[in-house]
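To keep things clear, I will list the structure first and then write my remarks on it.
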2 protein chains.
Amino acid sequence: MLRRRDFLAAAAATGVAAATGRSHAAQTDAVPAQPKPKAVLKLSAQEGGIPGESLKAKLDTMAGWGFDGIEFGGQAALRRVKEIQSALDGHDVKISALCGGVEGALIADDPAAREKAMHSAKELLTAAGEVGAVGLIIVPAFHRDNMMPHQAARELLTGFARWDARKDKPDPTPVLLELAEHAVKAGTRILLEPLNRQECYFLRTVADGASICKDLDHPGLAVMGDFWHMTWEETSDLGAFITGGGYLHHVHIASRKRRKTPGEDGAADNYVEGFKGLKWIGYQDFVSFECGAVGAREVVMPAAVKLLRAQWEQA
Amino acid sequence: MLRRRDFLAAAAATGVAAATGRSHAAQTDAVPAQPKPKAVLKLSAQEGGIPGESLKAKLDTMAGWGFDGIEFGGQAALRRVKEIQSALDGHDVKISALCGGVEGALIADDPAAREKAMHSAKELLTAAGEVGAVGLIIVPAFHRDNMMPHQAARELLTGFARWDARKDKPDPTPVLLELAEHAVKAGTRILLEPLNRQECYFLRTVADGASICKDLDHPGLAVMGDFWHMTWEETSDLGAFITGGGYLHHVHIASRKRRKTPGEDGAADNYVEGFKGLKWIGYQDFVSFECGAVGAREVVMPAAVKLLRAQWEQA
């Protein structure tokens with residue numbers, strides 16, 4: 001794919017690609033191009049439901065519960081860039097990701113909704129960079145978004161060229177390439193989120209998200225995994241995260257029966273195979289709670305931190 | 001999914017499910033329900049291009065080259081059931097799979113083409129059982145097949161119910177469930193084959209095929225991997241095969257640049273990560289050559305056997 005080479009040349013000129021430290025080994029390489037760092041478990045949670053009268057107070061609460069990171073809703077962050085920057089400045093709790101907020105949908109059947117989504121995604125990516133987020137979580141289309149035909153959607157996002165296709169016409173810039181370049185300039189990246197079938201059809205497995213990343217092979221484009229969605233759509237947490245590999249830059253977690261705090265669904269809340277996968281790939285980013293709570297948060301949140309750190313040791 | 005329970009009850013009554021020895025651990029189980037057997041490397045090749053004046057002579061040639069199995073085209077096998085049974089009887093070289101041959105397409109937009117495919121697939125599955133094949137390789141739709149819309153195709157194949165969908169209308173029997181039941185009665189199974197984007201759009205990753213298998217969770221439905229297609233579509237051979245797990249029952253192999261005999265593309269022909277995955281899942285079935293040859297087959301085929309056995313040891 002020529003675009004990849006074009007981008008790599010451009011990225012080398014700005015030093016952006018080198019700064020990301022990512023290795024895009026060809027799929028047939030048996031040995032990674034660089035040694036994998038030792039994986040770390042950095043736990044994050046979404047801002048909603050954390051008690052505290054100010055953002056600073058919430059961060060203090062999270063630090064006390066044993067968290068390393070905080071995740072904000074995209075639209076909330078957009079309105080509060082300065083507040084977030086100020087509260088996070090020098091705090092032990094760091095920002096993990098921005099979650100969603102794109103208006104419209106990148107692969108909506110309606111061109112106006114697609115155009116709206118491009119504008120909105122760029123605005124959110126800029127904010128994600130300003131607050132120092134690992135990335136902006138993007139869902140190409142929810143069920144409600146009235147998606148365009150599947151293959152046309154993939155072609156719009158990535159180009160998806162059959163090798164002999166489009167010889168006679170110039171390739172339009174794939175949507176995800178345009179956004180990934182914007183993301184890198186903003187100092188962040190896209191985090192494609194596979195969901196389960198209740199929420200979307202287009203992207204449901206980490207492997208498919210990773211395959212999209214491989215197509216463009218751009219440091220501004222990454223995939224995430226969410227244990228909740230994976231429970232229903234994946235056959236193996238271990239296989240999914242190994243497949244995500246160097247493209248995986250964020251993880252969501254919840255209990256595995258009711259999407260509550262990890263541990264609130266008892267023995268079902270086993271993440272050891274997934275953690276083995278994260279260790280295998282030398283994962284350096286956050287595992288972030290996206291869930292409700294049955295019990296009081298000041299009880300179940302620290303208990304979940306303890307449970308997950310114990311399962312990480314087991315993995 | 002009620003149909004799963006229905007099937008398991010029926011299968012228990014006939015003893016079919018127990019005989020297959022498959023374990024469908026829930027995705028959240030960290031420990032497999034039964035110990036994995038030690039994986040074996042059984043090499044197979046397609047009949048075409050093997051020299052010999054009779055099938056028996058071809059089998060002798062293959063044994064001399066170090067092969068354990070032979071794969072036949074589906075339509076060829078359909079016409080030659082007795083000949084194949086007779087030649088294989090007591091021979092060291094066993095049958096691996098039947099490759100394709102379905103007329104029409106299971107998810108063609110044209111209902112007549114779909115009906116034709118159901119009839120053809122059942123006929124081929126019956127033959128696959130008669131010759132003792134691990135399974136019949138099926139591609140739901142090639143590019144040429146003018147596929148129905150993507151989500152409708154998935155719903156036709158598996159049901160793909162959102163949890164709250166179809167409360168008020170009976171679920172039609174998913175196409176793959178009907179075929180999988182036919183397969184088990186015939187003593188074989190469906191092998192869904194993910195292809196690369198040059199050949200199809202619908203099914204391109206082992207993870208997606210495995211996810212289809214998980215939806216129906218039926219001993220007559222399995223997935224395969226093909227190193228050739230995986231080279232282009234997968235991010236990790238290891239991750240793909242771990243994800244295939246207990247659903248993976250056949251593998252194709254070729255050189256990784258030109259689809260020739262493994263080894264004919266030099267250093268690109270590295271299968272060690274994939275073999276690690278097969279070892280991880282305790283793989284018991286065949287790795288079968290589907291490829292051309294640049295050099296003389298009597299030279300490159302035994303050389304490939306040697307190369308692959310060495311890489312298996314490394315894995």
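Every chain is numbered from 1 and lettered A, B, ... according to where its sequence line falls, protein lines coming before strand lines.
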Open item on the list: Taking side-chain contact (heavy atoms from CB on, under 4.5 Å) as the criterion, tell me which of B:Leu248, B:Ile242, B:Thr243 meets it with A:Thr235.
Closed with: B:Thr243
Open item on the list: Just so I know, are the side chains of A:Gln151 and B:His143 near enough to count as touching, which here means a heavy-atom distance under 4.5 Å?
Closed with: yes
Open item on the list: Out of B:Glu199, B:Met147, B:Arg154, return the one with the most heavy atom pairs under 4.5 angstrom to chain A.
Closed with: B:Arg154
Task: Donor-acceptor pair, side chain of A:Ser211 and main chain of B:Glu234, under 3.5 angstrom - done: no
Task: B:Phe202 ring center near A:His150 ring center (under 6.0 Å) - done: no
TODO: Taking the side chain as every heavy atom from C-beta outward, state whether B:Asp208 and A:Glu233 have any pair of such atoms under 4.5 Å apart.
DONE: no
Open item on the list: Does any backbone or side-chain atom of A:Ala240 lie under 4.5 Å from a heavy atom of chain B? Answer side chain, backbone, both or neither.
Closed with: backbone
- [ ] Grab the two heavy atoms, one from B:Met230 and one from A:Lys214, that are nearest each other, plus how far apart they are.
- [x] O-NZ, 4.3 Å
